[in-house]
Amino acid sequence: MSVRVRMAPSPTGFLHIGNVRTALFNWLFARHEGGEFRLRIENTDTSREVAEATQQIQDSLRWLGLDWDGDVSFQLDRLADCADVARRLVEEGKAYEDEGAIRFRMPDEGVTAWEDAVRGRIEFPNEQLEDLVLVRSDGRPTYNFASPMEDVWDAITHVIRGEDHISNTPKQINLIRAVGAEPPSYAHVSHVLGADGKSLSKRHGSVTVDEFRHAGYYAPALMNFLVLLGWSYDDKTTIMSRDELIERFTLDRVVPSPATFDYEKLDWLNGVYLRALPAAAYADELVRFLREEGYGWDEALIRRAAPIVQEKIERFGQFPDFAGFLFRDVEPDPALLDGRGPVVAAAHDELERVDPFAAPEIEAALRGLAERLELSPRKAFEPIRIAVTGSKVSPGLFESIELLGKEETLRRLNAAVARSIA
RNA sequence: GGCCCAUUCGUCUAGUGGCCUAGGACACCGCCCUCUCACGGCGGCGGCACGGGUUCGAAUCCCGUAUGGGCCUCCA
């Protein structure tokens, strides 16, 4: 039988990164097995639904590259079916009315157990199981009724979800058996913890996919990072493409213990991905990012700047700070220029004569200048860098000056000389 | 409180009884490269939560303790 899994988020907020990782595991499992990955919105509770969230969930999954099969389904659409099942269970004596609600009778003795794909055998004493409310007194089915029923109707073969659902599982298994169906396989993955060691959730440390997008992370890198939170291929492989992940992902290599989200490592991994991008693709991604973030900067210049920042920044979000001097004027800190007026002035005179105004020629001129002034390149270039880029940290000086152009470079040099005196 | 889950370097992990004087990666520290910042190269620091068993032998199996997390909603 072909595999079918689902991601079933509630539309009560934006998709946070822990849920996204669960979605990723589902998706990888489905693609690895050649099965289906479905998206289902668990909107039993209309009052809390945030319409925007439904859209947001889909946008986030798509951005990350997680495509689902078939149409998105909504739990609300199966209200009538749930009511039918509940009625039948009452008729069969398996459920009963309780102050207007309908409760499912749990067995009193023995244990309910299952072989969890990531945790091994888990069993609950049945005496611990409370009779499950299927239908509220207002007639709406509860999540713990609707969700397993939908898994049955959708012929879900593997339920891969967060460990917070472990204690719901025995109830759902009993329910599913009561309606004459066979429970799916279960895999309960651990939570993702924030830097404070607490589970990431909507209420706590919530980080949405959107935030990563706006911070300039590259989706394939984020995917690679996320899968490593609780899964590994072997003892030394870190970088894996989407296709490699699909080929290699198996549930038996998912670890049961919770993982802490580490931004340092994400940043490093993102940098690895960005550096590995072909120049043209890097420029495309950079332009797209800046446009999305509302920067109206000249595209041709962005593309020319791309190669000089590619090795230097690990997130596109760092570009405005790092290379913004190419697109807007700078205001160097006079304190950094103190006493360096003469060097900057000399650089101005030197660069005025450079032709063609290209990096190699600029470099030769500036190095010659440093030599004549008997300054180390490091010493000589610092004030020039500050004058031209407004910062002590920048892309390569010579390339930066070339991109800025002769006229603007000379103007900034002059302005800096004036500042250093003031 | 009850039930359930988890516990290897600061972090992510490899490890399924001998290959482990525990391997890799990020971070950190040092050196090299160098126009700054990065990149890259080399080296270093650092861990099996604790206590009992089982076994010729335990990070690996069992029990207990501790710690962390989850659930105990007519929330999802």
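Chain identifiers are assigned alphabetically (A, B, ...) following the order of the sequence lines, protein sequences preceding nucleic acid strands; residue numbering begins at 1 within each chain.
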Starting at atom [atom1] of [X], determine the distance to atom [atom2] of [N], rounded to an integer number of angstrom.
X	N	atom1	atom2	answer
R275(A)	C37(B)	CZ	C1'	12 Å
E311(A)	G40(B)	CD	P	8 Å
F104(A)	C74(B)	CZ	P	16 Å
I384(A)	C35(B)	CD1	C1'	9 Å
I386(A)	C35(B)	CD1	P	17 Å
F398(A)	U34(B)	CZ	P	13 Å

Is [X] touching bases, backbone alone, or none of the nucleic acid, heavy atoms closer than 4.0 Å?
X	answer
P9(A)	nothing
V255(A)	sugar-phosphate
D267(A)	nothing

**Nearest to side-chain heavy atoms of S167(A), which nucleotide of C35(B), G70(B), C39(B)** =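 From the listed options, G70(B) comes nearest.
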**Minimum-distance nucleotide (side-chain atoms of P377(A) versus C35(B), C74(B), C12(B))** =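 The answer is C35(B), which lies nearest to the side chain.
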For a quick test of reading the model: is some side-chain N or O of [X] closer than 4.0 Å to OP1 or OP2 of [N]?
X	N	result
R136(A)	C75(B)	yes
R378(A)	U34(B)	no
R140(A)	C74(B)	no

**Asked** Heavy atom of residues 256-264 of chain A under 4.0 Å from RNA chain B: which residues?
**Response**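 Under 4.0 Å from RNA chain B: P256(A), S257(A), P258(A), A259(A), T260(A), D262(A), E264(A).
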**Prompt:** Which residues within residues 229-239 of chain A lie with some heavy atom under 4.0 Å of an atom in RNA chain B?
**Reply:**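 Per residue number, the list reads L229(A), G230(A), S232(A), D234(A), D235(A), K236(A).
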**Asked** Expressed as a whole number of Å, how far does the P atom of C61(B) sit from that of G41(B)?
**Response** 37 Å
**Under 3.5 Å donor-acceptor pair, R385(A) side-chain atoms to C35(B) base atoms** = yes
**Distance-only donor-acceptor test (3.5 Å): side chain S137(A), base C74(B)** =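 Counting by modelled atom types and ignoring angles, a donor-acceptor contact under 3.5 Å is found here.
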**Request:** Output every pair passing side chain to side chain donor-acceptor pair (under 3.5 Å) with a member in residues 311-336 of chain A, not counting sequence neighbours, ordered by first then second residue.
**Result:**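 Residue pairs passing side chain to side chain donor-acceptor pair (under 3.5 Å), neighbours aside: D329(A)-R411(A).
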**Message:** side chain to side chain contact (heavy atoms under 4.5 Å, CB included), that's the test. Do R248(A) and W231(A) meet it? Break it down for me.
**Reply:** CA-CA 11 Å; R248(A) 298 169 179 178; W231(A) 177 86; 4.1 Å; yes
**Asked** Of L336(A), V388(A), V344(A), V417(A), which is the lone residue that meets side-chain contact (heavy atoms from CB on, under 4.5 Å) with P383(A)?
**Response** V344(A)
**Asked** Is there a side-chain contact between T142(A) and R136(A), using heavy atoms and a 4.5 Å cut-off?
**Response**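 Sidechains of R136(A) and T142(A): in contact.
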**Exam field: side chain N126(A) to backbone D108(A), donor-acceptor pair closer than 3.5 Å** =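 Judged by distance alone, no pair lies under 3.5 Å.
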**Asked** Are the side chain of E211(A) and the backbone of T208(A) linked by a donor-acceptor contact shorter than 3.5 Å?
**Response** yes
**Prompt:** Which residue, R6(A), R38(A), R4(A), forms the salt bridge (charged side-chain N to carboxylate O under 4.0 Å, His left out) with D151(A)?
**Reply:** R6(A)
**Item:** Close aromatic pair by centroid cut-off 6.0 Å: F289(A) and Y218(A)
**Value:** no
**Item:** Partners passing salt bridge (charged side-chain N to carboxylate O under 4.0 Å, His left out) against E163(A) (at least two apart in sequence or in another chain)
**Value:** R119(A)
**Asked** Nearest 0.5 Å, what's the CD1-CG distance between I384(A) and L337(A)?
**Response** 11.0 Å
**Complete:** CH2 (W27(A)) and CG (L64(A)) are apart, to the nearest 0.5 Å, by 9.0 Å
Validation: residues 258-269 of chain A side-chain donor-acceptor distances under 3.5 Å, sequence neighbours left out:
unit_1, atom_1, unit_2, atom_2, d
D262(A), OD1, E264(A), N, 3.1
D267(A), OD1, Y217(A), OH, 2.5

**Request:** For each nucleotide in nucleotides 42-49 of chain B, reading 5' to 3', give B when a protein heavy atom comes within less than 4.0 Å of its base, S when such contact involves only the sugar-phosphate, and - otherwise.
**Result:** --------
